[in-house]
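Okay, structure first, notes after.
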Number of protein chains: 2
Amino acid sequence: MSTTGDDGVGPDVTTLERTLKLVGDRWSILIIRAALRGIRRFDDFADDLGIARPILTKRLQRLVDGGVMAKEPYQQHPLRHEYRLTPAGVALSPALVALIRWGEHHLADGDSEIVLVHAPCGTELEQGFWCRHCATTFGPGAIRARTDS
Amino acid sequence: MSTTGDDGVGPDVTTLERTLKLVGDRWSILIIRAALRGIRRFDDFADDLGIARPILTKRLQRLVDGGVMAKEPYQQHPLRHEYRLTPAGVALSPALVALIRWGEHHLADGDSEIVLVHAPCGTELEQGFWCRHCATTFGPGAIRARTDS
DNA sequence: TGACTGGGTTCTGTTTTGGTACTCACTGCG
DNA sequence: CGCAGTGAGTACCAAAACAGAACCCAGTCA
(Lines give C-alpha, C1' and ligand atoms only; values in the text may rest on other atoms or scores of the structure.)
Protein backbone atom coordinates (compact mmCIF):
# COMPACT_ATOMS: atom_id res chain seq x y z
CA MET A 1 0.00 0.00 0.00
CA SER A 2 1.12 3.50 -0.74
CA THR A 3 1.34 5.19 2.67
CA THR A 4 1.59 8.52 0.98
CA GLY A 5 2.57 11.15 3.43
CA ASP A 6 3.68 13.67 0.85
CA ASP A 7 1.83 16.83 0.16
CA GLY A 8 3.54 17.70 -3.06
CA VAL A 9 2.78 16.00 -6.31
CA GLY A 10 0.61 13.31 -4.89
CA PRO A 11 0.61 10.21 -7.04
CA ASP A 12 -2.98 9.22 -6.50
CA VAL A 13 -4.17 12.13 -4.44
CA THR A 14 -7.47 13.11 -5.86
CA THR A 15 -8.29 16.62 -6.86
CA LEU A 16 -10.96 16.57 -4.20
CA GLU A 17 -8.31 15.98 -1.61
CA ARG A 18 -6.34 18.94 -2.85
CA THR A 19 -9.48 21.02 -2.82
CA LEU A 20 -10.13 20.06 0.76
CA LYS A 21 -6.55 20.76 1.68
CA LEU A 22 -7.10 24.26 0.39
CA VAL A 23 -10.55 25.20 1.61
CA GLY A 24 -11.62 22.26 3.72
CA ASP A 25 -11.25 23.77 7.12
CA ARG A 26 -13.32 25.87 9.37
CA TRP A 27 -11.67 29.21 8.75
CA SER A 28 -11.04 29.19 5.04
CA ILE A 29 -14.67 28.83 4.20
CA LEU A 30 -15.62 31.45 6.73
CA ILE A 31 -13.05 33.78 5.19
CA ILE A 32 -14.46 33.17 1.75
CA ARG A 33 -17.93 33.87 2.99
CA ALA A 34 -16.76 37.10 4.56
CA ALA A 35 -15.04 38.03 1.31
CA LEU A 36 -18.25 37.39 -0.58
CA ARG A 37 -19.90 39.84 1.77
CA GLY A 38 -17.41 42.46 0.69
CA ILE A 39 -14.77 42.28 3.38
CA ARG A 40 -11.32 43.05 2.04
CA ARG A 41 -8.94 44.17 4.74
CA PHE A 42 -6.90 42.11 7.14
CA ASP A 43 -8.27 43.73 10.25
CA ASP A 44 -11.82 43.59 9.02
CA PHE A 45 -11.49 39.86 8.50
CA ALA A 46 -9.97 39.45 11.94
CA ASP A 47 -12.69 41.53 13.50
CA ASP A 48 -15.56 39.96 11.62
CA LEU A 49 -14.50 36.38 12.17
CA GLY A 50 -12.94 36.56 15.59
CA ILE A 51 -9.98 34.64 14.24
CA ALA A 52 -6.51 34.94 15.72
CA ARG A 53 -4.22 37.03 13.56
CA PRO A 54 -1.54 34.43 12.93
CA ILE A 55 -4.08 31.96 11.67
CA LEU A 56 -5.69 34.58 9.48
CA THR A 57 -2.28 35.31 8.01
CA LYS A 58 -1.71 31.67 7.21
CA ARG A 59 -5.20 31.12 5.81
CA LEU A 60 -4.99 34.17 3.58
CA GLN A 61 -1.62 33.08 2.30
CA ARG A 62 -2.86 29.62 1.58
CA LEU A 63 -5.85 31.00 -0.25
CA VAL A 64 -3.66 33.37 -2.23
CA ASP A 65 -1.31 30.51 -3.10
CA GLY A 66 -4.26 28.43 -4.14
CA GLY A 67 -5.56 31.12 -6.44
CA VAL A 68 -8.73 31.69 -4.48
CA MET A 69 -7.85 35.17 -3.33
CA ALA A 70 -5.52 37.87 -4.56
CA LYS A 71 -3.52 40.31 -2.47
CA GLU A 72 -3.34 43.73 -4.01
CA PRO A 73 -2.11 47.06 -2.76
CA TYR A 74 -4.87 49.60 -2.54
CA GLN A 75 -2.67 52.50 -1.56
CA GLN A 76 1.02 53.23 -1.74
CA HIS A 77 1.98 55.76 0.83
CA PRO A 78 1.51 53.62 3.82
CA LEU A 79 1.57 50.50 1.70
CA ARG A 80 -1.65 48.67 2.40
CA HIS A 81 -3.06 45.58 0.82
CA GLU A 82 -6.45 44.17 0.41
CA TYR A 83 -7.51 40.61 -0.20
CA ARG A 84 -10.20 39.97 -2.69
CA LEU A 85 -11.62 36.88 -4.26
CA THR A 86 -10.40 35.91 -7.67
CA PRO A 87 -12.94 34.57 -10.18
CA ALA A 88 -11.95 31.11 -8.99
CA GLY A 89 -12.81 32.19 -5.48
CA VAL A 90 -16.18 33.50 -6.52
CA ALA A 91 -16.72 30.19 -8.29
CA LEU A 92 -16.66 28.51 -4.91
CA SER A 93 -19.95 30.09 -4.00
CA PRO A 94 -22.09 27.16 -5.15
CA ALA A 95 -20.22 24.94 -2.74
CA LEU A 96 -20.53 27.51 0.00
CA VAL A 97 -24.20 28.00 -0.63
CA ALA A 98 -24.77 24.28 -0.67
CA LEU A 99 -23.10 23.94 2.70
CA ILE A 100 -25.01 26.85 4.20
CA ARG A 101 -28.28 25.52 2.90
CA TRP A 102 -27.56 22.04 4.14
CA GLY A 103 -26.70 23.34 7.58
CA GLU A 104 -29.81 25.46 7.77
CA HIS A 105 -31.98 22.55 6.74
CA HIS A 106 -30.41 19.78 8.74
CA LEU A 107 -28.59 21.40 11.62
CA ALA A 108 -30.92 24.27 12.34
CA ASP A 109 -31.28 25.07 16.00
CA GLY A 110 -34.81 26.24 15.36
CA ASP A 111 -33.64 29.55 16.65
CA SER A 112 -33.06 31.47 13.49
CA GLU A 113 -33.34 29.67 10.25
CA ILE A 114 -31.81 31.44 7.33
CA VAL A 115 -33.33 30.84 3.95
CA LEU A 116 -31.50 31.79 0.82
CA VAL A 117 -33.77 33.31 -1.77
CA HIS A 118 -33.62 34.61 -5.31
CA ALA A 119 -33.28 38.32 -4.70
CA PRO A 120 -35.55 39.60 -7.49
CA CYS A 121 -38.57 37.52 -6.50
CA GLY A 122 -37.92 36.27 -2.97
CA THR A 123 -38.46 32.62 -3.82
CA GLU A 124 -36.30 30.15 -1.98
CA LEU A 125 -33.59 29.01 -4.30
CA GLU A 126 -33.08 25.45 -5.35
CA GLN A 127 -29.83 23.85 -6.12
CA GLY A 128 -30.51 20.62 -7.87
CA PHE A 129 -28.20 19.98 -10.74
CA TRP A 130 -29.17 21.48 -14.02
CA CYS A 131 -28.80 19.99 -17.48
CA ARG A 132 -28.86 22.64 -20.15
CA HIS A 133 -29.43 20.08 -22.87
CA CYS A 134 -32.43 18.41 -21.26
CA ALA A 135 -33.57 21.63 -19.58
CA THR A 136 -34.17 19.80 -16.36
CA THR A 137 -32.97 19.58 -12.82
CA PHE A 138 -31.98 16.24 -11.42
CA GLY A 139 -30.62 14.64 -8.29
CA PRO A 140 -27.32 13.04 -7.42
CA GLY A 141 -28.43 9.69 -8.76
CA ALA A 142 -28.27 10.93 -12.33
CA ILE A 143 -24.70 12.08 -12.17
CA ARG A 144 -21.94 10.21 -13.91
CA ALA A 145 -18.27 11.10 -14.01
CA ARG A 146 -16.49 11.27 -17.32
CA THR A 147 -12.71 11.32 -17.40
CA ASP A 148 -11.16 13.60 -19.97
CA SER A 149 -7.52 12.63 -20.10
CA MET B 1 -28.81 14.25 26.30
CA SER B 2 -30.60 11.95 23.99
CA THR B 3 -30.20 14.18 21.00
CA THR B 4 -27.08 15.25 19.20
CA GLY B 5 -23.93 15.15 21.19
CA ASP B 6 -23.33 18.86 20.87
CA ASP B 7 -20.75 20.12 23.20
CA GLY B 8 -22.68 23.22 24.08
CA VAL B 9 -19.64 25.43 23.95
CA GLY B 10 -20.87 27.57 21.09
CA PRO B 11 -21.72 31.09 22.19
CA ASP B 12 -23.46 32.13 19.01
CA VAL B 13 -21.76 29.92 16.56
CA THR B 14 -23.36 30.14 13.18
CA THR B 15 -24.97 27.15 11.61
CA LEU B 16 -22.28 27.22 8.97
CA GLU B 17 -19.67 26.83 11.64
CA ARG B 18 -21.48 23.84 13.05
CA THR B 19 -21.75 22.39 9.58
CA LEU B 20 -18.04 22.79 9.08
CA LYS B 21 -17.32 21.31 12.46
CA LEU B 22 -19.21 18.27 11.31
CA VAL B 23 -18.13 17.74 7.74
CA GLY B 24 -15.51 20.40 7.15
CA ASP B 25 -12.45 18.24 7.22
CA ARG B 26 -10.53 16.15 4.82
CA TRP B 27 -11.78 12.75 5.88
CA SER B 28 -15.44 13.34 6.54
CA ILE B 29 -16.10 14.50 3.02
CA LEU B 30 -14.07 11.64 1.61
CA ILE B 31 -16.07 9.23 3.75
CA ILE B 32 -19.31 10.70 2.49
CA ARG B 33 -18.14 10.40 -1.07
CA ALA B 34 -17.22 6.78 -0.48
CA ALA B 35 -20.60 6.19 1.08
CA LEU B 36 -22.28 7.72 -1.95
CA ARG B 37 -20.38 5.20 -4.02
CA GLY B 38 -21.98 2.45 -2.00
CA ILE B 39 -19.37 1.63 0.59
CA ARG B 40 -20.89 0.55 3.85
CA ARG B 41 -18.53 -1.47 6.01
CA PHE B 42 -15.86 -0.28 8.34
CA ASP B 43 -13.05 -2.14 6.68
CA ASP B 44 -14.14 -1.18 3.22
CA PHE B 45 -13.97 2.46 4.19
CA ALA B 46 -10.57 1.96 5.71
CA ASP B 47 -9.35 0.14 2.66
CA ASP B 48 -10.86 2.49 0.12
CA LEU B 49 -9.68 5.67 1.78
CA GLY B 50 -6.39 4.58 3.24
CA ILE B 51 -7.44 6.10 6.53
CA ALA B 52 -6.16 4.83 9.84
CA ARG B 53 -8.75 2.85 11.75
CA PRO B 54 -8.94 5.06 14.86
CA ILE B 55 -9.57 8.14 12.78
CA LEU B 56 -12.19 6.34 10.79
CA THR B 57 -13.86 5.33 14.03
CA LYS B 58 -13.93 8.91 15.23
CA ARG B 59 -15.13 10.33 11.93
CA LEU B 60 -17.89 7.77 11.64
CA GLN B 61 -19.01 8.46 15.17
CA ARG B 62 -19.08 12.17 14.53
CA LEU B 63 -21.07 11.67 11.37
CA VAL B 64 -23.49 9.37 13.17
CA ASP B 65 -23.88 11.90 15.96
CA GLY B 66 -24.47 14.61 13.43
CA GLY B 67 -27.18 12.64 11.71
CA VAL B 68 -25.30 12.27 8.46
CA MET B 69 -24.82 8.55 8.73
CA ALA B 70 -26.55 5.76 10.58
CA LYS B 71 -24.98 2.70 12.13
CA GLU B 72 -27.06 -0.39 11.79
CA PRO B 73 -26.39 -4.03 12.47
CA TYR B 74 -26.55 -6.13 9.35
CA GLN B 75 -26.07 -9.44 11.09
CA GLN B 76 -26.37 -10.67 14.62
CA HIS B 77 -24.28 -13.70 15.18
CA PRO B 78 -20.98 -12.09 14.97
CA LEU B 79 -22.56 -8.69 15.51
CA ARG B 80 -21.58 -6.56 12.56
CA HIS B 81 -22.61 -3.06 11.66
CA GLU B 82 -22.77 -1.08 8.51
CA TYR B 83 -22.72 2.64 8.10
CA ARG B 84 -24.99 4.18 5.59
CA LEU B 85 -25.94 7.71 4.71
CA THR B 86 -29.15 9.07 6.10
CA PRO B 87 -31.30 11.25 3.86
CA ALA B 88 -29.55 14.21 5.43
CA GLY B 89 -26.27 12.69 4.36
CA VAL B 90 -27.44 12.20 0.82
CA ALA B 91 -28.58 15.81 0.88
CA LEU B 92 -24.97 16.82 1.22
CA SER B 93 -24.27 15.73 -2.31
CA PRO B 94 -24.81 19.14 -3.90
CA ALA B 95 -22.11 20.52 -1.67
CA LEU B 96 -19.88 17.60 -2.44
CA VAL B 97 -20.47 17.90 -6.14
CA ALA B 98 -19.82 21.61 -6.03
CA LEU B 99 -16.50 21.00 -4.35
CA ILE B 100 -15.50 18.28 -6.77
CA ARG B 101 -16.44 20.41 -9.73
CA TRP B 102 -14.62 23.41 -8.41
CA GLY B 103 -11.49 21.38 -7.82
CA GLU B 104 -11.59 19.86 -11.26
CA HIS B 105 -12.03 23.25 -12.87
CA HIS B 106 -9.61 25.29 -10.85
CA LEU B 107 -7.12 22.90 -9.35
CA ALA B 108 -6.85 20.39 -12.15
CA ASP B 109 -3.38 19.07 -12.72
CA GLY B 110 -4.14 18.71 -16.42
CA ASP B 111 -3.52 15.06 -15.93
CA SER B 112 -6.97 13.66 -15.64
CA GLU B 113 -9.83 16.06 -15.55
CA ILE B 114 -13.05 14.58 -14.36
CA VAL B 115 -16.21 16.09 -15.70
CA LEU B 116 -19.52 15.41 -14.06
CA VAL B 117 -22.27 14.86 -16.56
CA HIS B 118 -25.99 14.26 -16.63
CA ALA B 119 -26.10 10.48 -17.00
CA PRO B 120 -29.00 10.22 -19.48
CA CYS B 121 -27.55 12.59 -22.05
CA GLY B 122 -23.89 13.01 -21.18
CA THR B 123 -24.01 16.79 -21.04
CA GLU B 124 -21.81 18.42 -18.44
CA LEU B 125 -23.97 19.42 -15.56
CA GLU B 126 -24.36 22.97 -14.40
CA GLN B 127 -24.93 24.05 -10.89
CA GLY B 128 -26.04 27.60 -10.94
CA PHE B 129 -28.85 28.34 -8.55
CA TRP B 130 -32.30 27.73 -9.80
CA CYS B 131 -35.41 29.76 -9.14
CA ARG B 132 -38.54 27.74 -9.71
CA HIS B 133 -40.70 30.81 -9.78
CA CYS B 134 -38.71 32.70 -12.39
CA ALA B 135 -37.63 29.49 -14.13
CA THR B 136 -34.10 30.74 -14.39
CA THR B 137 -30.64 30.05 -13.18
CA PHE B 138 -28.68 32.83 -11.59
CA GLY B 139 -25.35 33.53 -9.95
CA PRO B 140 -24.33 34.28 -6.40
CA GLY B 141 -24.97 37.97 -6.88
CA ALA B 142 -28.71 37.42 -6.94
CA ILE B 143 -28.89 35.62 -3.63
CA ARG B 144 -30.33 37.22 -0.58
CA ALA B 145 -30.69 35.70 2.85
CA ARG B 146 -34.01 35.83 4.59
CA THR B 147 -34.18 35.12 8.30
CA ASP B 148 -37.18 33.15 9.43
CA SER B 149 -37.21 33.51 13.18
C1' DT C 1 9.03 63.62 18.49
C1' DG C 2 5.91 60.54 20.08
C1' DA C 3 1.52 58.21 19.80
C1' DC C 4 -1.26 55.60 16.73
C1' DT C 5 -2.79 52.42 13.02
C1' DG C 6 -2.73 48.67 9.67
C1' DG C 7 -0.66 44.53 8.91
C1' DG C 8 1.63 41.44 10.17
C1' DT C 9 5.58 37.88 12.76
C1' DT C 10 7.50 35.27 16.93
C1' DC C 11 6.99 32.60 20.63
C1' DT C 12 4.58 30.00 23.60
C1' DG C 13 1.04 26.34 25.19
C1' DT C 14 -2.98 23.30 24.05
C1' DT C 15 -5.91 20.56 20.99
C1' DT C 16 -6.40 17.70 17.22
C1' DT C 17 -4.55 14.49 14.08
C1' DG C 18 -2.80 10.20 12.47
C1' DG C 19 -0.43 5.87 13.34
C1' DT C 20 1.19 1.47 15.46
C1' DA C 21 0.01 -1.87 18.36
C1' DC C 22 -3.15 -4.18 21.01
C1' DT C 23 -7.81 -6.03 22.44
C1' DC C 24 -12.23 -8.30 22.15
C1' DA C 25 -15.90 -11.17 20.41
C1' DC C 26 -16.97 -14.41 17.44
C1' DT C 27 -16.38 -18.19 13.80
C1' DG C 28 -14.63 -22.12 11.30
C1' DC C 29 -11.36 -25.79 11.27
C1' DG C 30 -8.93 -29.74 12.48
C1' DC D 1 -11.05 -28.19 22.59
C1' DG D 2 -7.63 -24.99 21.18
C1' DC D 3 -6.07 -21.96 17.52
C1' DA D 4 -5.78 -19.00 13.59
C1' DG D 5 -8.61 -15.49 11.23
C1' DT D 6 -11.66 -11.48 10.79
C1' DG D 7 -14.37 -7.37 11.76
C1' DA D 8 -14.49 -3.56 14.69
C1' DG D 9 -12.69 -1.08 17.59
C1' DT D 10 -9.33 1.08 21.93
C1' DA D 11 -4.99 2.74 24.20
C1' DC D 12 -1.36 5.20 23.81
C1' DC D 13 2.14 8.26 21.61
C1' DA D 14 4.42 11.44 18.39
C1' DA D 15 3.72 15.13 15.31
C1' DA D 16 1.21 18.62 13.33
C1' DA D 17 -2.14 22.32 13.48
C1' DC D 18 -4.32 25.73 16.18
C1' DA D 19 -4.94 29.64 19.23
C1' DG D 20 -3.49 33.47 21.78
C1' DA D 21 -0.47 37.09 23.82
C1' DA D 22 3.03 39.86 22.94
C1' DC D 23 5.98 42.09 19.94
C1' DC D 24 7.53 44.50 15.54
C1' DC D 25 7.72 47.76 11.72
C1' DA D 26 6.59 51.40 8.41
C1' DG D 27 4.32 55.33 7.81
C1' DT D 28 1.20 59.16 9.18
C1' DC D 29 -0.79 62.65 12.17
C1' DA D 30 -0.58 66.11 15.71
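Naming convention: chains lettered A, B, ... in sequence-line order (proteins, then strands); numbering from 1 in each chain. Here the structure is a predicted model, which means the values were calculated and not measured.
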Distance test, side-chain N/O of Arg59(B) to OP1/OP2 of dT17(C), below 4.0 Å = yes
query = Between dC18(D), dG6(C), dT20(C), which one does the side chain of Ala52(B) approach most closely?
reply = dT20(C)
query = Parallel, tilted or perpendicular: which fits the ring planes of Tyr83(B) and Phe42(B), with parallel below 30° and perpendicular above 60°?
reply = tilted
inquiry  = Tell me whether Arg101(B) is salt-bridged to Glu124(B), with the criterion being a basic N under 4.0 Å from an acidic carboxylate O.
reply    = yes
task = Looking only at non-hydrogen atoms, find the nearest pair between Gly66(B) and Leu107(A) and report the distance.
result = O-CD1, 4.2 Å
query = For Arg53(A) and dA21(D), is the shortest distance between a side-chain N/O and OP1 or OP2 below 4.0 Å?
reply = no
Nucleotide of dG20(D), dC18(D), dA19(D) approaching Trp27(A) most closely (side-chain heavy atoms) = dA19(D)
task = Please report, rounded to the nearest Å, how far the P atom of dA19(D) is from the CG atom of Leu49(A).
result = 12 Å
query = How long is the line joining NZ of Lys21(A) and P of dA16(D), in whole Å?
reply = 11 Å
message = Counting only side-chain nitrogens and oxygens, does Lys71(A) get under 4.0 Å of the OP1 or OP2 atom of dG8(C)?
response = yes
task = Before accepting this row, confirm whether a basic side-chain N of the pair Arg53(B)/Asp43(B) lies closer than 4.0 Å to the acidic partner's carboxylate O.
result = yes
key: Proximity to the side chain of Pro54(B) - top-ranked nucleotide from dC18(D), dT10(D), dT17(C)   = dT10(D)
